[in-house]
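Notes follow the structure.
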Protein chains: 2
Amino acid sequence: MISKTPTLERRTSALSKEAIIAAAIEILDGQGETALTFRALAARLATGSGAIYWHIADKQALLAAATDHIIAGITVDEVVAKEPRQAIRAFALGVFDAIDTHPWVGGQLSRDPWQHAVLRILEAVGGRVQALGVPADAQFNVATAIMSFILGLAGQYALGARMCEGGIDRTTALDEIAARWAQLDPENYPFVRLIATQLPDHDDREQFLAGIDLLLAGIEPLRHATAPRG
Amino acid sequence: MISKTPTLERRTSALSKEAIIAAAIEILDGQGETALTFRALAARLATGSGAIYWHIADKQALLAAATDHIIAGITVDEVVAKEPRQAIRAFALGVFDAIDTHPWVGGQLSRDPWQHAVLRILEAVGGRVQALGVPADAQFNVATAIMSFILGLAGQYALGARMCEGGIDRTTALDEIAARWAQLDPENYPFVRLIATQLPDHDDREQFLAGIDLLLAGIEPLRHATAPRG
DNA sequence: ACCTGAACACCGTTCAAGT
DNA sequence: ACCTGAACACCGTTCAAGT
């Protein structure tokens, strides 16, 4: 009675989109992506599975809304935000930390690149790209390049986290991958074999920032001397 | 009898992993990702659905094998391959073209970043990063940054293609997205609204290359004067 | 307007039984 | 060794029926 069966009583308060999203995030964070089913969600909300459809179109919309809720929570320190490069770094790290605490966000971001959460990222990055004085005709390509990098790495971290869901910790998971890579044909995979030795010790956060810095360095030659004219 | 029912006779030749993968690719190319089920695959192969499991572990392994088959087919012109930067550009375009003709590859690449196909990409990129004279301690971050960008953009194109599966062509699909972006709150989404006007006319291939060039430009300051010493 | 929950139309995967 | 195909254990989604 204490912990075995979930509450059997029906809920007293009315259902809402917010409550559904909050419950979905709890399940995703606690039990992982595969645990989020409409049946499990309905059980947690103490309602019928069909009730959810009154508030949310379908599962894809639910995941998009949950992801948007997380990404919307990313904030950049006001002082840091003054300098565009630091602001991009800080926001990118915000995305990184969000994925770190909510691994399913990484998978969802890369799975549906035109959901609203991605627009938040594009806006945050794009605004700073403009502030850096990148010419108007290059802003699209530059902003989407940074965004694509973020989404791409997001997908990778999501998988790393998915592996760790099985109970294995990060270190042994990376060791296992490194071992598999080390067994590859030396003729065709010299680089991957070399990388394999560095994989277990590498720092995700540093890897993430290094990529951002690489892109920012690539922007430098494009910049105007001053901020863009109106 | 002519077109309605699929062939009812059992197959005469033995099943093989290669035949299964080839049939899977045919379905994926012809009817899209959602059409690939073990039942549909078994019907096309004129066998029972359980037979497939004798040759392939599960659906994820099937998709990974199909993706690897496509990525393995990417070739870089020998002359171009001599210059590392051109080789990276050419290989990246090879990935782009592969996704263009097999849209499901984009989704699969970003979905499972440690499948074998991704190692091919990492090896191709990493070898050229070494040849460019990037110091050993930076090779990991640089190579994975380029790879992450490729995987991130791959996911985006995959979605674009997924939208077009519904019969809508690319132009109207992009117009529709642009219209949605244009309706966003001007206060919070000035950049996305600006980008929306450029979205319908933009060239995917150029966008892809621009990102690669941005990363390559970012590499320049890191390079040794000569190729790395042994 | 909002909710219920059985029913529908699927999946991937397994496995006793065949050859 | 290789294949069959019914059966199992799930899904997301719908919808007549309730309040």
Side-chain angles (χ1 to χ4, degrees), chain A residues 5-25 27-28 30-67 104 107-108 111-112 115 162 165-166, chain B residues 5-25 27-28 30-67 104 107-108 111-112 115 162 165-166:
Chain A
T5 42
T7 50
L8 290 174
E9 324 89 58
R10 296 291 80 169
R11 51 184 299 104
T12 54
S13 60
L15 217 51
S16 71
K17 193 172 176 183
E18 291 70 35
I20 293 170
I21 293 167
I25 290 174
I27 293 176
L28 288 163
Q31 285 120 271
E33 271 181 272
T34 54
L36 182 69
T37 68
F38 274 71
R39 282 170 180 80
L41 188 56
R44 178 177 280 257
L45 289 165
T47 185
S49 60
I52 297 163
Y53 285 90
W54 187 263
H55 301 275
I56 281 175
D58 53 24
K59 191 172 183 181
Q60 192 181 325
L62 174 63
L63 280 165
T67 304
W104 50 274
Q108 178 59 22
R111 198 165 304 127
D112 182 0
Q115 64 188 309
R162 220 177 302 152
E165 268 171 26
Chain B
T5 43
T7 50
L8 290 174
E9 326 88 59
R10 296 289 80 168
R11 52 185 298 104
T12 54
S13 61
L15 217 50
S16 70
K17 192 173 176 180
E18 290 71 35
I20 293 170
I21 292 167
I25 290 174
I27 293 176
L28 288 163
Q31 285 121 269
E33 271 181 273
T34 54
L36 182 68
T37 67
F38 274 71
R39 282 169 181 81
L41 189 56
R44 180 177 278 258
L45 289 164
T47 184
S49 59
I52 297 163
Y53 286 91
W54 187 262
H55 300 274
I56 281 176
D58 53 24
K59 193 173 184 182
Q60 193 182 323
L62 173 62
L63 280 166
T67 304
W104 51 274
Q108 179 58 23
R111 200 165 303 127
D112 183 1
Q115 64 189 310
R162 220 176 302 152
E165 270 172 26

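Quick note on labels: first sequence line is chain A, next is B, and so on, each numbered from 1.
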### Message
Looking at every heavy atom in both B/Ser49 and B/Phe38, which two are closest together, and how far apart are they?
### Response
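So the minimum-distance heavy-atom pair works out to CB-O, 4.0 Å.
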Q) Closest approach of A/Ile52 and A/Ala42, non-hydrogen atoms and distance? A)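 Nearest heavy atoms, A/Ile52 then A/Ala42: CD1-N, 4.0 Å.
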Take atom [atom1] of [X] and atom [atom2] of [N], then tell me their distance rounded to the nearest Å.
| X | N | atom1 | atom2 | answer |
| --- | --- | --- | --- | --- |
| A/Ile20 | D/dT13 | CD1 | P | 13 Å |
| B/Lys59 | C/dG12 | NZ | C1' | 8 Å |
| B/Ile52 | C/dT14 | CD1 | C1' | 14 Å |
| A/Leu45 | C/dG5 | CG | P | 14 Å |

As a test of reading the structure: which of [options] is closest to the side chain of [X], going by heavy atoms?
| X | options | value |
| --- | --- | --- |
| A/Tyr53 | D/dG12, D/dC3, C/dT13 | D/dG12 |
| A/Thr37 | D/dT13, D/dC11, C/dC3 | D/dC11 |
| A/Arg39 | D/dG12, D/dC3, C/dT13 | D/dG12 |
| A/Phe38 | D/dT13, C/dC3, C/dT13 | D/dT13 |

- Query: Hey, does the side chain of B/Trp54 come within less than 4.0 Å of D/dC3's phosphate (OP1/OP2), counting only N and O?
  - Reply: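 No, no such contact exists.
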- So, A/Lys59 side chain and A/Leu36 main chain: donor-acceptor pair closer than 3.5 Å or not? yes
For this session: Looking at every strand, decide which applies to B/Leu36 at a 4.0 Å heavy-atom threshold: base, sugar-phosphate, or nothing.
Result: sugar-phosphate
Problem set entry | Partner nucleotide of C/dC11 by Watson-Crick or wobble geometry (both distances under 3.5 Å) |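 Partner of C/dC11: none found under 3.5 Å.
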Task: Chi angles and distances behind the side-chain contact (heavy atoms from CB on, under 4.5 Å) call for B/Asp112, B/Thr67 - done: CA-CA 10 Å; B/Asp112 183 1; B/Thr67 304; over 6 Å; no
